[in-house]
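Residue indices begin at 1 and follow the sequence shown.
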Amino acid sequence: MTRPSVAIASLGGTISMTAASAGAGVTPTLDAAQLAAVVPGLTQVAEISAESLLQLPSASLSFDHLLECLRWAEAKVDAGAVGVVLTQGTDTLEETAFFLDLYWDRPQPLILTGAMRTPAAVSADGPGNLLAAVQTAIAPGSRGRGVLVVMNDTIHAARWVSKADALSLHAFVSPDGGAAGRLVEGRPGYFHGPAKRPVIGRPQVHTVRVAMVEALLSDDGELAELAVQAGYDAVVVAAQGAGHVSFAFAERISRIGNTVPVVIASRTGGGSTAEHTYGFVGAEIDLAARGALLAGWLSPRKARLLLRALLAAGMPRAELGERLKKWGKLPDFIPDAAAGH
Ligand code: ASP
C-alpha cells in the first residue's frame, strides 16, 4: 500500500536540544532525520522526508527565516506532500504559527510542533508530538484549516493558540474557543469545521517594525511614544480589560496616532476588545474617537503580526481599520469540512 508523503523540517527548539556534557545547558543539535528516527512507527504512518532548515532557539527565529520556511513548505506540497510538519521551539510557536497562517494559501495542512521536554528527559514528549503531527498531517479532516499546532495530542488553530505555561506538558491552549481537535489512539478528530481564513499578499517592504507596549498600572504611555520616536512604523497597545488605558496614556495615543497607526488589543489573554460599552477617557469609545483601531479578538501579539503583515504588503493606512475589523471578528465556519477545497 502506498503511504501518503509528509515532509518534515526542523528549525531547532527543545525538541532538538541536547547537552554537550553532563550538567551543561541544552542547545539545538539534533536534525530532522535524527528526530524522525526515534519515533516508533513513524515510517508506517507516512513516507517521510526530513530536512534540517535551521538550528535555533525559537526566540531567535526571524520573519525572514519564516518566509524561507514558507517557501520550503509550498515546494513540498507542490511536489506531492499531503502535509508538512515544522518542528521548532515552543517559546514563539503561537507567533510563528499565526505568522505562517497569514500567508499559507494551500489546502494541505502546515503543522507546527515541538516539545516541552528535552530528548534526554524521562518521558520526553518530542517523539509523541512528532508522531501526532504526522498523523494530523495525513488526515483528510485537516485540509483547509491553514496552519495547525499539534502538542500533547491536541490540535490548535494558529489563530487562537497560545502558550500559557512555561514548562508544563499542557502548555498550549486556545483560551477563547478551545482546541480545534484532539488525537485519540493516533486518530485526529475535530470539534468543528474549518474556518474561513483570509490570506495576505507577501511582504513588499521588509523593514516594517511594529512595537507592542503593555499598558500598566500608573502608566502614562511614554514607552509607546518612545517607540515612535525610535522609528517604529506602528504601535500595538496591550491595553487593560476590554481595551482601556489611563487618561495620560489616552492623550499620548492621540499624539502618537498623528504619526503612526495605533492598535488597541486586550492584554487579558482572552476575549475581545469592546466597541461601545465604556464611556470614560481612555476607554474603547474614547480611543477609537482618537483614531486608534480596535483589535477585537486578536491578542496583542497576533495583532502585531497582522499589522506588520498588512503594512509590509503595502496596505495604505486608510484601509487598515477595515481589514483589522474583519480579522478581529470571530471567523465564519465552513459547515462542510470538504467545502472550499
Ligand atoms: N523552551 C523552548 C522550546 O520549547 C526553547 C525554544 O523555544 O527554542 O523549544
Side-chain angles (χ1 to χ4, degrees), residues 94-105 145-147 149 156-162 164 173-178 180 192 194-201 208 210-215 224 232-245 249-250 253 256-257 260-279 282-334:
E94 69 193 88
E95 291 168 271
T96 57
F98 186 71
F99 179 92
L100 293 167
D101 195 53
L102 293 174
Y103 298 110
W104 184 247
D105 59 3
R145 293 177 182 273
V147 176
V149 170
H156 299 272
R159 170 77 164 76
W160 300 106
V161 68
S162 144
V173 292
S174 294
D176 288 309
H192 44 66
K196 286 186 192 145
R197 297 178 314 114
V199 291
I200 295 180
V208 176
V210 178
M212 191 192 115
V213 177
E214 184 165 325
Y232 278 81
D233 301 286
V235 177
V236 172
V237 178
Q240 287 132 335
H244 305 153
V245 298
F249 205 136
I253 284 173
I256 298 169
V260 299
V262 179
V263 172
I264 307 296
S266 172
R267 69 174 197 175
T268 57
S272 168
T273 48
E275 265 180 60
H276 43 67
T277 299
Y278 292 97
E284 73 281 0
I285 298 173
D286 175 50
L287 297 180
R290 291 172 192 269
L293 306 171
L294 300 170
W297 288 87
L298 289 164
S299 71
R301 286 173 205 152
K302 293 184 183 184
R304 168 181 172 263
L305 292 169
L306 173 62
L307 191 55
R308 192 219 172 245
L310 293 174
L311 292 170
M315 177 152 297
R317 185 170 172 180
E319 289 171 34
L320 291 176
E322 229 9 76
R323 292 303 289 266
L324 264 155
K325 219 176 233 161
K326 198 162 154 202
W327 282 79
K329 282 207 299 239
L330 286 179
D332 298 326
F333 286 95
I334 303 169

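- Remark: V210 engages V208, A234, V236, R304, L307, R308, L311 in a side-chain contact (heavy atoms from CB on, under 4.5 Å) (not counting sequence neighbours).
- Atom CG of residue L102 and atom CD1 of residue I200 lie 4.5 Å apart, to the nearest 0.5 angstrom.
- In this structure, the separation between NZ on K326 and NZ on K196 is 10.5 Å, given to the nearest 0.5 Å.
- Within the 4.5 Å cutoff, no side-chain heavy atoms of T273 are placed close to those of E284.
- Looking at every heavy atom in both residues, M315 comes nearest to L320 through CG-CD2, 3.9 Å.
- D233 places none of its side-chain heavy atoms less than 4.5 Å from the side chain of V260.
- The side-chain hydrogen bond (donor to acceptor under 3.5 Å, both in side chains) test with D101 singles out one residue from K302, R197, R145, and that residue is R197.
- Scanning for side-chain contact (heavy atoms from CB on, under 4.5 Å) contacts around E322 gives an empty result, with sequence neighbours left out.
- Here the side chains of P175 and S162 are in contact, with some heavy-atom distance below 4.5 Å.
- Nearest heavy atom pair, residue P198 against residue W327, reads O-CH2, 3.0 Å.
- Under the rule for a side-chain contact (heavy atoms from CB on, under 4.5 Å), the partners of A97 that lie at least two apart in sequence or sit in another chain are L112, V147, V149, A158.
- Between L287 and F249 there is no side-chain heavy-atom pair separated by less than 4.5 Å.
- Residues that satisfy the ring-ring contact (aromatic ring centres under 6.0 Å, His included) test with F98, not counting sequence neighbours, are absent from this structure.
- The nearest pair of heavy atoms linking A295 to V263 is CB-CG1, 3.8 Å.
- Counting non-hydrogen atoms of neighbouring residues, nucleotides and ligands closer than 6.0 angstrom, the CZ atom of R267 exceeds 12 such neighbours.
- Applying the salt bridge (charged side-chain N to carboxylate O under 4.0 Å, His left out) test to pairs two or more places apart or on separate chains, those with a residue in residues 289-300 are E251-R290, D286-R290.
- In this structure, the side chains of P331 and W297 stay at 4.5 Å or more apart for every pair of heavy atoms.
- At least one side-chain heavy atom of I264 sits less than 4.5 Å from a side-chain heavy atom of I253.
- L305 contributes atom CG, which lies 10.0 Å from atom CG of L298 (distance to the nearest 0.5 angstrom).
- For Y103, the ring-ring contact (aromatic ring centres under 6.0 Å, His included) test picks out F99, with sequence neighbours left out.
- Of all heavy-atom pairs spanning A238 and M212, the tightest one is CB-CE, 4.3 Å.
- The backbone N or O of G241 sits less than 3.5 Å from a side-chain atom of S266, completing a donor-acceptor pair.
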